[in-house]
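As structure tokens, the structure follows; a few thoughts come after it.
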Amino acid sequence: MKTPTKTNLIFLSIALLVYGILTLVCWNNGYFWDNIQLTSIEAHWYYLADFKTMLIPKHAPEYGLSGTGAPPLLPLITALLWKCIGYKLWVSHAFVALWAVILIYNTHHFLKHFFSNQYAGWVLLIVLSEAALLTQYAIASPDFILFTSLVICLRAIFEKKSFLLAFGILFLLNISTRGFFTGAILLFVHLIFYFIRKSEFANRSFIKTFLPYVPAWMLMIAYIVYYIVMQGWFFDNSNFSEAQNSPESLSFVVKHLCDFGMRFIENGQIAIWLIAFFAGWKTYKAKKHLSPDLYFLLVFFLLLTGLYLSFVFLTKMPFLTRYFIPHIFLLTILAISKLTEFISEKKTNYILVFILCFELTGHLWIYPEKVTTIWDSTLAHLPFYGLRKDCFDYIDRNNYDYRDISAGFCLYDNRRFVELGNIDKTIGRDKNRKYFVYSNVSNVPDDWIDEFHDKTHWIPIRSFEKGFVLITIYKNLNYTN
């Protein structure tokens, strides 16, 4: 065995170790941030209703939930696992751990198309250590499965593996709405390159090349038609329709564009952009061309970015860092593969170490209280689970009436959706109650923060703090029964 191959095995081992340790740390953590809705709440519909219908209703007050209209593949699988294995938090983490192994294996093979052994291990560690990706794994999010499915699809396309592509595209299209958009653009790019590079597909007919897409697309189309026939358009009378509305002013569009740009470069991702601009400039100056495989990734990256950029002008959809995990993955491969053509091996290794170290600072990008921190893209949120438990243990020990308590995001609603326990201990969302449980993780409105600091209106009863995370129970001095 050659030394470079041994080196790659070391990087593979490091990746497996990191994900293994994270699995143990998060094994019994509750659902977090948007994953409360995207996985747990929707899975509870199937679990509690005993799978009486495949459609999650827009409103189901008896279960305390509202459906998003997104493809329900992960909630359905989660509910089935709860029925078959047990109603336990670790079930979701065990399921996503399986996907982590699949991701590491397929990423390792996919990167061989672009990097020699001397660089492949470094790039593997860089793409798998991206802060948002690690955090999505830690919270067992559908975005981790989305990304893994995309890597599977890309590898399958490049290696012409039909069954692998059929498997990957099945999950990519049906894991979420953004997975559907990503899969649609991937198919479009694949079609373009099939006709542009037809000589390479001389021994593969059009039907054989694109047949793997058919089952997933049939399932997706069937779901869309069934949903619209039974429940109408996705965002009609939906609690989640506001984000789909058009911007009402130019100032909103400008702020939206800034938000879009910020999500693209935060959590250490700016290092990849700097390298990409440098490598792109050097490639342009040297008048070098991209290889066909890199050109495929570039077109895919540009179209995917263009789609999200259009949302800036067409919707009020808030952008989250996790949305851009596929973009950063593609950009990393493009940037580093071109960089190695212009920089010596020694300097390249220094730059790769710099990228990796800077990327790890992504877990430290915590903003001031009134600036939105995307907590589901940083492992700095991990103390939240213990503090949340300490806070509710305090509430229970002191016999607080839950009808008197409200809270912010990740703390409100029925506790069972987060903990799979403490059924019917439900916290309100409005702040006009006797107590309010505040956390910086909740990203409450700025005017609420100002109110909580007003000691003529609110006084802190008990605070719980660790690392970057804070939870405080406030008492409303103006509360009257």
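This chain uses plain numbering: 1 for the first residue, then up along the sequence. Remember, it's a predicted structure, so these values are computed and weren't measured experimentally.
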(request) Tell me, please, which residues at least two apart from N422 pass side chain to side chain donor-acceptor pair (under 3.5 Å). (result) E419, K425

(request) Decide whether Y402 and D396 meet the rule of one side-chain donor and one side-chain acceptor closer than 3.5 Å. (result) yes

(message) Counting only heavy atoms from other residues, nucleotides and ligands, does the tally under 6.0 Å from CZ of F188 exceed 12?
(response) no

(request) Using the six-membered ring wherever Trp is involved, compare the ring planes of F301 and W273 and label them parallel, tilted or perpendicular (cut-offs 30° and 60°). (result) tilted

(request) Measure the acute angle between the ring planes of F296 and F300, then classify it against the limits of 30° and 60° as parallel, tilted or perpendicular. (result) tilted

(message) With side-chain contact (heavy atoms from CB on, under 4.5 Å) as the criterion, how do I145 and F95 come out once you've worked through the C-alpha distance, each side chain's angles and the decisive distance to 0.1 Å?
(response) CA-CA 10 Å; I145 298 174; F95 180 65; 3.7 Å; yes

(request) Would you please indicate yes or no on a ring centroid separation below 6.0 angstrom for Y350 and F354? (result) no

(message) My understanding is that only one of V127, I126, I270 makes a side chain to side chain contact (heavy atoms under 4.5 Å, CB included) with E359; could you say which?
(response) I126

(request) Answer yes if the ring centres of H453 and W458 are under 6.0 angstrom apart, and no otherwise. (result) no

(request) Answer with yes or no after comparing the ring centroid distance for F180 and W217 against a 6.0 Å cut-off, counting only values under it. (result) yes

(request) Look at the aromatic rings of H381 and Y385 and report parallel, tilted or perpendicular, splitting at 30° and 60°. (result) perpendicular

(request) Take K282 and E341 through the salt bridge (charged side-chain N to carboxylate O under 4.0 Å, His left out) test and state the conclusion after the steps. (result) CA-CA 9 Å; K282 294 289 286 185; E341 296 181 13; over 6 Å; no

(request) Please identify each residue that fulfils side chain to side chain donor-acceptor pair (under 3.5 Å) with N174, with sequence neighbours left out. (result) none

(message) If you compare all heavy atoms of P247 against all heavy atoms of T315, which two are closest, and at what distance to 0.1 Å?
(response) CG-O, 3.5 Å

(message) What I want to check is whether the side chains of H327 and Q269 have a donor and an acceptor closer together than 3.5 Å.
(response) no

(message) Looking only at the aromatic ring of each residue, does the gap between the centers of F313 and H256 stay below 6.0 angstrom?
(response) no

(request) With sequence neighbours left out, write down each residue that passes ring-ring contact (aromatic ring centres under 6.0 Å, His included) with F114, or none if nothing qualifies. (result) F110, F158

(request) Establish, yes or no, whether the cationic atom of R415 lies under 6.0 Å from the six-membered ring centre of F392 and within 45° of the ring axis. (result) yes

(request) Establish, yes or no, whether the cationic atom of R263 lies under 6.0 Å from the six-membered ring centre of F319 and within 45° of the ring axis. (result) no

(message) Taking side chain to side chain contact (heavy atoms under 4.5 Å, CB included) as the criterion, tell me which of I325, T135, T332, L360 meets it with E130.
(response) I325

(message) Among residues at least two apart in sequence or on other chains, which ones pass side chain to side chain donor-acceptor pair (under 3.5 Å) with R462?
(response) none

(message) Holding to side chain to side chain donor-acceptor pair (under 3.5 Å), I want the full list of residues that pass it with R178, two or more places apart in sequence or in another chain.
(response) D143

(request) Return the orientation label for the F147 and F329 ring planes: parallel under 30°, perpendicular over 60°, tilted otherwise. (result) perpendicular

(request) Under the ring-ring contact (aromatic ring centres under 6.0 Å, His included) rule, collect the residues that match up with F311, sequence neighbours excluded. (result) F181, Y308

